[in-house]
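Report on one structure; see the data block that follows.
All values reported here derive from a predicted model rather than from experimental measurement. We count residues from 1, following the sequence as given.
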Amino acid sequence: MFSQERNFTDWQLTGFGDAPAFLFETIGSTHKLMKSMAASGEIAPGTLFVADSQSDGHGRHERTWDSPAGKNLYFNILIPLEGIPANHFAQITQIAALTFAETFNSIQDSATIVDCAQSTIESSAQSANRDCASDPKITVKWPNDILYGKSKFCGILAEIVYVRPQQSGQQLAPQQRMPRPALSMGVGINVNSDPADYAHLNREVTTLKAIFGHAINREKLLRALIGNLERAIGQFRAFGIRPWVEAWKRMDQFIGARGTIIVNNHCTDQNRDSGEGAIKKTGRIIDMNDDGSLLFECDDGTVETVISADLEI
C-alpha cells in the first residue's frame with residue numbers, strides 16, 4: 001500500500017462485477033457526469049469513474065471539495081440496487097463509510113507495525129510499543145463522515161439516478177426498457193495532500209499521508225476500497241445494516257457526547273457559520289438504532305429518532 005504508484009493513466013481498475021472503469025485526468029465533476037451518462041443509457045450499474053483532478057468538486061449542500069491533481073482520490077461508483085428495498089437505499093452510504101473506515105484502520109495498523117519495528121531498532125522496544133499504542137483510530141461520525149480525531153478527510157455524496165437500459169441488438173420487453181434506479185456514490189479522499197493545503201476552508205481537515213506518516217499508492221487503495229465495498233453491499237443485501245451498526249458502536253467515539261443536529265440544512269461554505277437556512281437542535285447523542293438512525297436527546301428533554309440530518313460535534 002505504501003509502494004510507489006504508477007502514472008494515473010496506467011491504472012488498472014474495474015467497477016463492481018468487472019464493470020468498466022473510466023479514468024479522467026481532469027474533469028468538472030465525476031458525480032455530475034455519471035448522473036448524465038446513466039440517464040442517457042451510456043453506462044451500466046457497476047461502472048466506476050475516477051478523476052486525477054476536478055475543477056467543480058463538491059460535497060453535500062454544494063460545499064466545496066478541493067480537488068488538487070495527482071494527490072488524492074475522487075471517484076464515483078454506480079451501485080446496482082436490485083434486491084435492496086427502497087426504504088433502505090439511504091443506509092448504503094453508512095455501509096460505505098463504515099467499510100472505508102475499517103479499510104483505513106487496517107492500513108493504519110499495518111503502517112504502525114512497520115513504524116514500531118523501525119522504532120524498536122532505533123530505541124527500546126518498551127518505548128516503541130507505548131508510542132505506537134497511543135495512535136487514535138479512524139472512525140465514522142454519523143451518518144457518513146470519516147474522521148481522524150475530529151478532522152475530516154473523506155466525504156461521501158450519494159444520489160439516486162435512473163439508468164436507462166443500454167441499447168442492444170435484441171428487442172427488449174416493455175418492462176426491460178424502463179429506467180431502473182441505481183445509486184451514484186461520489187467519494188473524495190484526501191490521500192497524499194497536506195493538511196496545510198486546506199487552511200483556507202477554516203475547518204478541521206487532515207489527510208491519510210498525515211495520519212499514516214507515509215505516502216499512499218492511490219491505485220492500490222482504490223482497488224481495496226472498491227473490492228471491500230462490493231463485498232459489503234452483497235452482505236447488506238443478505239443481512240441488512242445491523243452488522244455495521246454493531247461495527248460503528250465498536251469504533252464510536254461520539255455516543256454520550258454533546259452535539260448539534262442540523263435539519264433541512266441548506267448551508268453552504270458561504271453561510272455555514274451563520275446557520276442561515278438550517279434548523280439546529282443541540283443536545284446529547286444517546287445511541288445509534290438498529291436501522292442506522294440516530295437517537296438524540298435535545299436540551300429541552302425530548303428524545304428524537306433522527307433519520308436524515310447533519311451532525312456537528
Side chains of Asn217 and Ser3: is there a donor and an acceptor less than 3.5 Å apart? yes
Looking only at atom types and distance, does a side-chain atom of Arg223 sit under 3.5 Å from a main-chain N or O of Gln12, one as donor and one as acceptor? yes
Do Thr282 and Thr260 get their side chains close enough for a donor-acceptor pair, meaning under 3.5 Å? no
Looking at Trp248 and Val140, would you say the former's side chain and the latter's main chain have a donor-acceptor pair under 3.5 Å? yes
What I want to find out is whether Glu312 reaches Lys141 closely enough, with some N-O distance under 4.0 Å, to be called a salt bridge. no
Carboxylate-amine/guanidinium contact Asp287 Lys249, below 4.0 Å: yes
Any salt bridge between Arg218 and Glu5, counting N to O under 4.0 Å? yes
Test your reading of the model: is there a side-chain donor-acceptor pair from Ser106 to the backbone of Thr103, 3.5 Å cut-off? yes
Against Leu311, only a single residue in Ile262, Ile285, Val306 fulfils side-chain contact (heavy atoms from CB on, under 4.5 Å); can you say which? Ile285
Can any side-chain N or O of Asn76 pair as donor or acceptor with the backbone N or O of Phe49 at less than 3.5 Å? no
Output the distance between atom CG (Leu221) and atom CZ (Phe104), rounded to the nearest 0.5 Å. 5.5 Å
Salt bridge or not for Asp310 and Lys280, using N-O below 4.0 Å? no
Return yes if a side-chain donor-acceptor contact under 3.5 Å exists between Asn7 and Thr9, otherwise no. no
Can you check salt bridge (charged side-chain N to carboxylate O under 4.0 Å, His left out) on Lys137 and Asp252, steps first, answer last? CA-CA 10 Å; Lys137 289 287 187 178; Asp252 171 69; over 6 Å; no
For the CD1 atom of Ile211 and the CD1 atom of Ile216, what is their distance to the nearest 0.5 Å? 9.0 Å
Measure from the side-chain N and O atoms of Ser193 to the backbone N and O of Asn190, and report whether any donor-acceptor pair falls under 3.5 Å. no
For the NZ atom of Lys35 and the OG atom of Ser40, what is their distance to the nearest 0.5 Å? 13.0 Å
What is the ring orientation for Trp244 with Phe236, classed by angle as parallel under 30°, tilted 30 to 60°, or perpendicular over 60°? perpendicular
Has the side chain of Gln91 got a donor or acceptor atom that lies under 3.5 Å from a matching backbone atom of Asp291? yes
Would you say the side chains of Ser293 and Asn289 form a donor-acceptor pair under 3.5 Å? yes
Short question: side chain of Thr30, backbone of Tyr74 - any donor-acceptor pair under 3.5 Å? no
Any ion pair linking Arg6 and Glu219 (charged N to carboxylate O, less than 4.0 Å)? yes
